[in-house]
Novice: 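This is the structure, below, for whatever I ask next.
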Amino acid sequence: MSDTQDSPTEEPPADEQLTGEYDPADIEPKWQAHWVAEDTYAYDASDDEPGADADTRFSIDTPPPTVSGNLHMGHLYQFTLQDFVARYHRMADDSVYFPFGYDDNGIASERLTERELDIRHQDYERREFQKKCREVCATYEEEFTEDVQSLAISVDWSNTYKTIAPEVQRVSQLSFLDLYEQGREYRQRAPTIWCPDCETAISQVEQEDEDKSTKFNDIAFDLVEDSSGEADDDATFTISTTRPELLPACVSVFVHPDDDANQHLVGGTARVPLFGQEVPIIADERVDMETGSGLVMCCTFGDQNDIEWYQAHDLDLRLAIDESATMTDVAGDYQGMHTTEAREAIIDDLDAEGYLLESRDHDHTVQVHERCGIEVEYLVTEQWYIKMLDKKDEYLDAGREMEWFPEKMLSRYQHWIEGLEWDWCISRQRDSGIPIPVWYCDDCGEPIMAEKADLPVDPLSDEPPVSSCPECGHDDLTPEEDVFDTWATSSLTPLVNAGWDWHTDESADAADSADGEGGEFRMDNPELYPFDLRPQGHDIISFWLFHTVVKCYEHTDEVPFENVMINGMVLDENREAMSKSKGNVIPPSEVLENFPVDAARYWAAGTSIGDDFPYKEGDLEAGERLLQKLWNASRLVDQLTPAQRPTEPDELSSVDRWLLAELDATVESVTAKFEDYAFSKARNELRSFFWNSFCDDYLEIAKQRLSDGGDRSTEFTLLTAHRTFLKLFAPFLPHITEELWDRLDYAAGESGTDGSVHTTDWPVAGGYEADLAAGETAMEVVSALRRHKTENGLPLNADLDHVEVYGYISGFEDAVAEAMHVETLDVYEDAPDISTEVSGIDLDYSIVGPEFGSDVGAIDAGIESGDYEIDGETLVVADEFELGADCFEIEESRIYSGDGEMTETESAVVVVR
RNA sequence: GGGUCCGUGGUCUAGUUGGUUAUGACGCGGCCUUUACAAGGCCGAGGUCGGUGGUUCGAAUCCGCCCGGACCCA
């Protein structure tokens with residue numbers, strides 16, 4: 001921080017009173033800069049000798065945001081939830097590891113670069129394009145970092161990573177080699193999704209649905225043979241298709257097994273019009289009988305179904321379309337045409353030769369590349385896969401070993417695994433990813449892996465580890481051009497964070513290694529692993545979480561996380577997902593122009609973890625009011641108390657002990673809620689105790705008690721409670737609590753801190769005992785008197801001459817009288833001297849129900865009609881049913897005819913004369 | 001199209017194994033300037049718990065079907 005005027009260390013001395021309003025616009029940025037400059041949130045690994053207690057560390061595997069644009073509300077929400085955890089555990093445990101990373105090796109970052117620089121990756125040499133990606137990402141990352149810091153996310157900024165960085169590339173490539181050595185990876189020729197415009201393979205998540213209008217064409221196929229092996233010369237059947245240009249790629253025709261009308265075709269052969277190839281006719285359940293003629297052609301490849309059929313029925317491969325959507329030699333006369341030209345030409349020719357029976361308008365959904373909107377094609381290429389299907393049960397067990405918040409999210413993980421049908425394709429044909437560290441023998445095709453010690457490598461520019469193929473001795477080796485799927489790397493974040501690496505061992509063990517690479521995998525920070533928490537959104541349970549479990553489990557034989565916290569999505573005020581196309585996106589910058597960060601954090605704490613959460617300006621306003629209330633209450637506490645907290649007196653007065661005992665209960669309850677990631681409940685309970693009990697009741701009492709001068713018991717209690725409130729609010733409202741902690745010089749009373757409330761110890765219950773029943777009744781009396789004044793149009797400080805309380809408020813008489821300005825307060829512990837009459841019976845159905853079962857109706861009716869007697873402890877209904885004392889309560893209405901006005905509370909009766 | 005989750009006053013939300021009058025906040029109406037706070041205090045209105053059928057003495061809660069929404073996968 002350059003401006004020393006703002007330095008927190010040069011605030012006015014603590015004996016100067018808090019004045020004025022809270023001004024977050026000044027104070028929040030001041031502390032944000034201070035925390036970063038002072039490394040307030042640095043992970044403390046100092047006591048990290050062997051045997052150090054891993055239980056005192058709390059490690060978080062922060063989700064590295066994809067570098068694809070700017071901070072959005074989802075980030076704000078998600079990071080803030082993580083920050084509640086980090087801040088709570090930093091205070092409750094010894095040290096918190098809260099790192100931050102950027103996922104900048106994926107196609108999203110490539111696209112950002114192309115968009116930002118208005119270039120196409122095809123126009124650049126790979127290295128050159130990668131360089132541009134790094135530059136663009138660096139700019140965005142810098143901006144993003146500032147944005148995250150301005151949200152007061154308590155990340156340790158000395159522990160950051162980028163997934164494209166060499167260290168991470170090394171981890172990613174080590175993972176590939178380790179899994180290969182374990183026999184869990186293989187390379188196979190298989191169809192991939194291809195964008196013919198961008199000329200790249202794309203992943204499934206990069207395609208989206210689009211509704212398009214097109215022509216549905218009924219085309220006549222000649223039947224060569226039917227199921228009996230014979231067919232009339234002129235026998236035909238009809239195929240309906242939107243893509244006649246795929247006719248040259250047609251390899252079979254499918255019939256649904258329930259399609260009785262066409263069963264006679266199954267097992268037969270058909271001839272494709274214009275192109276003449278003869279293809280088998282096969283039965284398969286995946287045929288949609290409702291569409292077109294109910295018969296469908298399978299081409300390699302037109303859609304996902306074609307791929308499934310191709311694999312399931314071991315069909316021929318006829319590739320009629322190339323990388324740029326140009327017809328291949330398979331298309332014969334149409335070779336060289338673009339698919340759209342070919343479609344028209346083929347329709348014309350079908351029509352001319354009488355094969356086109358009908359052509360009609362048709363609306364359907366197609367898969368397009370989300371970036372360019374062009375319909376995807378399917379190409380067959382060599383890809384690397386990680387085996388998963390053989391270990392589904394182990395991965396299911398791993399999921400059950402983790403504790404899920406909320407619990408219900410485990411089912412998404414389970415269903416995903418149960419439904420898995422494919423191994424994981426980890427290779428991508430992109431420019432700016434992490435290279436797959438392998439070369440292939442030109443002669444026998446043997447893959448040659450890089451040496452672990454050499455990683456990271458780029459086969460395109462680095463030399464292979466051997467000069468000839470170890471299998472066949474051939475000299476020419478070809479580098480792999482593909483890179484890893486971005487999830488193949490981001491699924492390693494726990495290992496990246498824990499410093500997992502291959503260490504070449506100089507010791508004797510080296511000889512044991514079969515490949516001559518003596519060494520082992522070790523972690524620099526083993527105490528972090530398994531991580532205490534994986535926080536993330538529910539939308540990527542099947543990607544990031546599942547893949548992380550798979551990879552880490554295979555590398556370490558351990559489940560990588562103790563707990564999983566799943567957050568929902570941020571919706572707009574109308575509960576709809578925010579999206580650019582709907583135009584309902586609210587950027588965080590817009591929110592933070594109008595509200596303090598602490599108010600936004602208050603909003604973020606407002607829902608159960610896992611639920612989708614609408615942005616609600618009213619909640620931010622409520623947060624703002626809480627800040628103001630906290631500030632004003634702090635001012636009053638400051639005014640009422642001396643600069644130094646007095647030592648605890650031997651004897652605390654009843655009302656002080658009551659407050660501290662209630663505070664104990666709140667501390668314990670809020671702590672339990674934080675442990676359970678129940679932020680909303682922690683927030684609401686804390687707010688309500690602070691506002692309703694501390695401010696409305698206790699502060700009003702304390703004000704009166706201290707009006708005539710000092711009272712050590714009350715001063716001690718006020719300052720003890722206030723300190724505790726600041727700590728309890730600190731995870732939610734880090735700025736205002738830090739400002740108050742600093743301004744009131746509370747650090748002076750705290751041992752072993754650097755002055756920040758955020759590094760103090762989380763409060764524990766002080767073990768105060770008090771007459772909670774009397775206290776609660778006393779507070780009821782106070783609020784009854786407040787109500788009395790309000791209802792009679794009296795100011796709250798109006799004097800009351802004489803009040804009678806019928807109820808147990810022992811020890812609180814003076815507090816009630818002082819706070820409510822009562823001259824004479826008489827307390828009677830017996831029943832009030834007023835007439836009562838039985839007005840009804842309240843049954844406890846949780847007891848009556850199981851005991852009387854179907855007679856409950858008759859009992860209800862008896863009570864309703866007054867057909868009952870109270871016989872000592874027993875209630876007899878309709879001369880038939882005897883209910884014990886625990887079954888019912890007598891409801892009485894009181895009639896007061898004396899002077900003054902009577903008010904009833906839950907456990908007292910108050911008469912104002 | 002399939003799977004998962006969700007549906008509680010105008011809005012957001014609590015509601016442990018079914019059990020007395022369904023929680024709180026925001027908003028709304030009214031009253032009250034109390035030497036921290038009118039961005040406060042108090043009071044009030046507002047809900048057949050998405051619909052429907054069932055199980056049960058009793059259902060927001062359990063089951064079936066329908067409607068609506070979100071996410072994931074086709």
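Protein chains get the first letters and strands the later ones, always in sequence-line order, with residue 1 at the start of each.
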Novice: Could you check whether any side-chain N or O of A:K789 sits under 3.5 Å from a backbone N or O of A:L800, counting only pairs where one atom can act as donor and the other as acceptor?
Specialist: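 It does not hold such a pair.
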
Novice: Sequence neighbours excluded, which residues qualify as side chain to side chain contact (heavy atoms under 4.5 Å, CB included) partners of A:D696?
Specialist: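 Side chain to side chain contact (heavy atoms under 4.5 Å, CB included) list for A:D696, sorted by chain: A:K629, A:W691, A:N692, A:R786.
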
Novice: Listed by chain and number, what are the side chain to side chain contact (heavy atoms under 4.5 Å, CB included) partners of A:D259, not counting sequence neighbours?
Specialist: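 For A:D259 the side chain to side chain contact (heavy atoms under 4.5 Å, CB included) partners, ignoring immediate neighbours, are A:V255, A:H256, A:A261, A:N262, A:Q263, A:M289.
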
Novice: Pick out the pairs of N or O atoms, protein on one side and nucleotides 37-41 of chain B on the other, that lie under 3.5 Å.
Specialist:
unit_1	atom_1	unit_2	atom_2	d
B:C37	O4'	A:N632	ND2	3.3
B:C37	O2'	A:N632	ND2	3.4
B:C37	O2	A:K629	NZ	3.0
B:C37	N3	A:K629	NZ	3.1
B:G40	O3'	A:K629	NZ	3.3
B:G41	OP1	A:W691	NE1	2.2

Novice: Select base, sugar-phosphate, or nothing to describe what A:D539 touches, counting heavy atoms under 4.0 Å on all strands.
Specialist: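 Sugar-phosphate, backbone atoms only, no base.
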
Novice: What's the gap between B:U13 and B:U17 when it is taken at their C1' atoms, as a whole Å value?
Specialist: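 Nearest-Å result for B:U13 against B:U17 at atom C1': 23 Å.
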
Novice: How far does the C1' atom of B:C26 sit from the matching atom of B:G46, given to the nearest Å?
Specialist: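 Per the computed distance, 14 Å lies between those C1' atoms.
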
Novice: Any strand is fair game: report the nucleotide pairing with B:U23 by Watson-Crick or G-U wobble, both distances under 3.5 Å, or none.
Specialist: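 B:U23 is paired with nothing.
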
Novice: Mind checking who B:A36 pairs with, Watson-Crick or G-U wobble, both distances under 3.5 Å?
Specialist: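 By the stated definition (distances under 3.5 Å), nothing pairs with B:A36.
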
Novice: Between B:G58 atom P and A:F852 atom CZ, what is the distance in whole Å?
Specialist: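 From A:F852 CZ to B:G58 P: 17 Å.
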
Novice: Return the 5'-most residue of the pair A:S680, A:I847 with respect to RNA chain B, ranking by each residue's nearest nucleotide.
Specialist: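 In this pair, the answer is A:S680.
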
Novice: One pair to check against salt bridge (Lys or Arg N to Asp or Glu O under 4.0 Å): A:R645 and A:D745. What are the steps and the verdict?
Specialist: CA-CA 11 Å; A:R645 176 167 60 160; A:D745 203 23; over 6 Å; no

Novice: Specify the separation, in whole Å, of atom CD1 of A:I859 and atom P of B:U20.
Specialist: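 Checked: the CD1 to P distance equals 17 Å.
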
Novice: In whole angstrom, what separates A:R683's CZ from B:U13's P?
Specialist: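 The answer, rounded to whole Å, is 12 Å.
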
Novice: Between the side chain of A:R534 and the main-chain N/O of A:V564, is any donor-acceptor distance below 3.5 Å?
Specialist: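 Not at all, since once roles are kept as given, no pair shorter than 3.5 Å links the two residues.
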
Novice: Would you kindly give the CD1-to-P distance between A:I609 and B:A14, to the nearest whole Å?
Specialist: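 About 12 Å, once rounded to whole Å.
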
Novice: Collect all protein-nucleotide pairs involving nucleotides 4-12 of chain B in which both atoms are nitrogen or oxygen and the distance is under 3.5 Å.
Specialist:
unit_1	atom_1	unit_2	atom_2	d
B:U11	O2'	A:K616	NZ	2.5

Novice: Mind checking A:S608 for me? I need base, sugar-phosphate or nothing, with any heavy atom below 4.0 Å counting as a touch.
Specialist: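 Sugar-phosphate contact only.
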
Novice: Taking the same atom, P, in B:G64 and in B:C73, what whole-Å distance lies between them?
Specialist: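 To the nearest whole Å, 26 Å.
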
Novice: Given the P atoms of B:G24 and B:G2, what is the spacing between them in whole Å?
Specialist: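 B:G24 and B:G2 have their P atoms separated by 42 Å.
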
Novice: Name all residues meeting the salt bridge (charged side-chain N to carboxylate O under 4.0 Å, His left out) criterion together with A:D284; count only those two or more places apart in sequence or in a different chain, and write none if there are none.
Specialist: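 Checked A:D284 against salt bridge (charged side-chain N to carboxylate O under 4.0 Å, His left out); matches are A:R286.
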
Novice: RNA chain B: A:V856 or A:L699, which has the more 5' nearest nucleotide?
Specialist: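 That would be A:L699.
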
Novice: Between B:A60 and B:U20, how far is it from one P atom to the other, in whole Å?
Specialist: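 That atom pair is separated by 10 Å.
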
Novice: Can a donor-acceptor pair be found, under 3.5 Å and without considering hydrogens, that links the side chain of A:S783 to the backbone of A:E780?
Specialist: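 Yes; at least one donor-acceptor contact below 3.5 Å.
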
Novice: Separation of A:E617 atom CD from B:C26 atom P, in whole Å?
Specialist: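 It works out to 15 Å between those atoms.
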
Novice: Under 3.5 Å, which donor-acceptor pairs link side chains of residues 670-685 of chain A to any protein atom two or more places apart or in another chain?
Specialist:
unit_1	atom_1	unit_2	atom_2	d
A:T671	OG1	A:V667	O	2.6
A:T671	OG1	A:W762	NE1	2.8
A:K673	NZ	A:S669	OG	3.1
A:E675	OE2	A:Y88	OH	2.6
A:Y677	OH	A:N563	ND2	3.3
A:R683	NH1	A:Y602	O	2.5
A:N684	ND2	A:S680	O	3.3
A:E685	OE1	A:S669	OG	2.8
A:E685	OE2	A:S669	OG	2.6

Novice: Using both distances under 3.5 Å as the test, list the Watson-Crick or G-U wobble partner of B:G64, or none.
Specialist: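 Partner of B:G64: B:U52.
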
Novice: Taking side chain to side chain contact (heavy atoms under 4.5 Å, CB included) as the test, write out the residues that go with A:S490, two or more places apart.
Specialist: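 Scan of A:S490 (side chain to side chain contact (heavy atoms under 4.5 Å, CB included), adjacent residues dropped) gives A:D103, A:W487, A:W544.
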
Novice: Could you write out each protein N or O paired with an N or O of nucleotides 53-55 of chain B at a distance under 3.5 Å?
Specialist:
none

Novice: Rounded to the nearest Å, what distance is computed from the CZ atom of residue A:F690 to the P atom of nucleotide B:G24?
Specialist: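 Value for this atom pair: 20 Å.
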
Novice: With sequence neighbours excluded, tell me which residues meet salt bridge (charged side-chain N to carboxylate O under 4.0 Å, His left out) with A:K703.
Specialist: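 Once residues adjacent in sequence are excluded, the partners of A:K703 under the salt bridge (charged side-chain N to carboxylate O under 4.0 Å, His left out) criterion are A:E700.
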
Novice: Under a 3.5 Å limit for both distances, which nucleotide forms a Watson-Crick or G-U wobble pair with B:C28, could you say?
Specialist: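 Here B:C28 is engaged in a pair, and the nucleotide opposite it is B:G44.
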
Novice: Strictly under 6.0 Å, is that where the ring centroids of A:F689 and A:F694 end up?
Specialist: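 Judged by ring-centre distance (under 6.0 Å), A:F689 and A:F694 do not meet the cut-off.
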
Novice: Only pairs at least two apart or in different chains count here, so list each side-chain hydrogen bond (donor to acceptor under 3.5 Å, both in side chains) that has a residue in residues 410-420 of chain A.
Specialist: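 Every pair satisfying side-chain hydrogen bond (donor to acceptor under 3.5 Å, both in side chains) with a residue in residues 410-420 of chain A: A:R412-A:H538.
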
Novice: Quick one: side chain to side chain contact (heavy atoms under 4.5 Å, CB included) partners of A:D539, sequence neighbours excluded?
Specialist: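 Listed in chain order: A:M569.
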
Novice: Using a 4.0 Å heavy-atom cut-off, does A:W631 contact any base of the nucleic acid, only the sugar-phosphate backbone, or nothing at all?
Specialist: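 Nothing, no nucleic acid heavy atom in range.
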
Novice: Measure from CZ on A:R787 to C1' on B:G30 and round the result to the nearest Å.
Specialist: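 So the two atoms are 16 Å apart, to the nearest Å.
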
Novice: Under 3.5 Å, side chain of A:H788 to main-chain N/O of A:A784, donor-acceptor pair present?
Specialist: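 Looks like no, no N/O pair under 3.5 Å.
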
Novice: Quote, to the nearest angstrom, the C1' distance that separates B:G29 from B:U4.
Specialist: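 Straight-line distance between the two C1' atoms is 43 Å.
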
Novice: Kindly say whether A:V782 contributes a backbone atom to a donor-acceptor pair with the side chain of A:D697 at under 3.5 angstrom?
Specialist: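 It does not hold such a pair.
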
Novice: Rounding to an integer number of Å, can you tell me how far A:F679 CZ sits from B:G24 P?
Specialist: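 It is 24 Å, rounded to the nearest whole Å.
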
Novice: Please list each protein N or O that sits under 3.5 Å from an N or O in nucleotides 48-50 of chain B, with the distance.
Specialist:
none

Novice: Quick one: look up who B:C5 pairs with, Watson-Crick or G-U, both distances under 3.5 Å, and put none if it's unpaired.
Specialist: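 B:G69 - that is the nucleotide pairing with B:C5, both distances being under 3.5 Å.
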
Novice: Taking atom C1' in both B:C72 and B:A25, compute the distance separating them and give it to the nearest angstrom.
Specialist: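 Approximately 32 Å lies between the C1' atom of B:C72 and that of B:A25.
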
Novice: With a sphere of 6.0 Å drawn around CD of A:E818, does it hold more than 12 non-hydrogen atoms of other residues, nucleotides or ligands?
Specialist: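 Above 12, so yes.
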
Novice: For the P atoms, the ones on B:U61 and on B:C6, what distance do you get once it is rounded to whole angstrom?
Specialist: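 Approximately 13 Å lies between the P atom of B:U61 and that of B:C6.
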
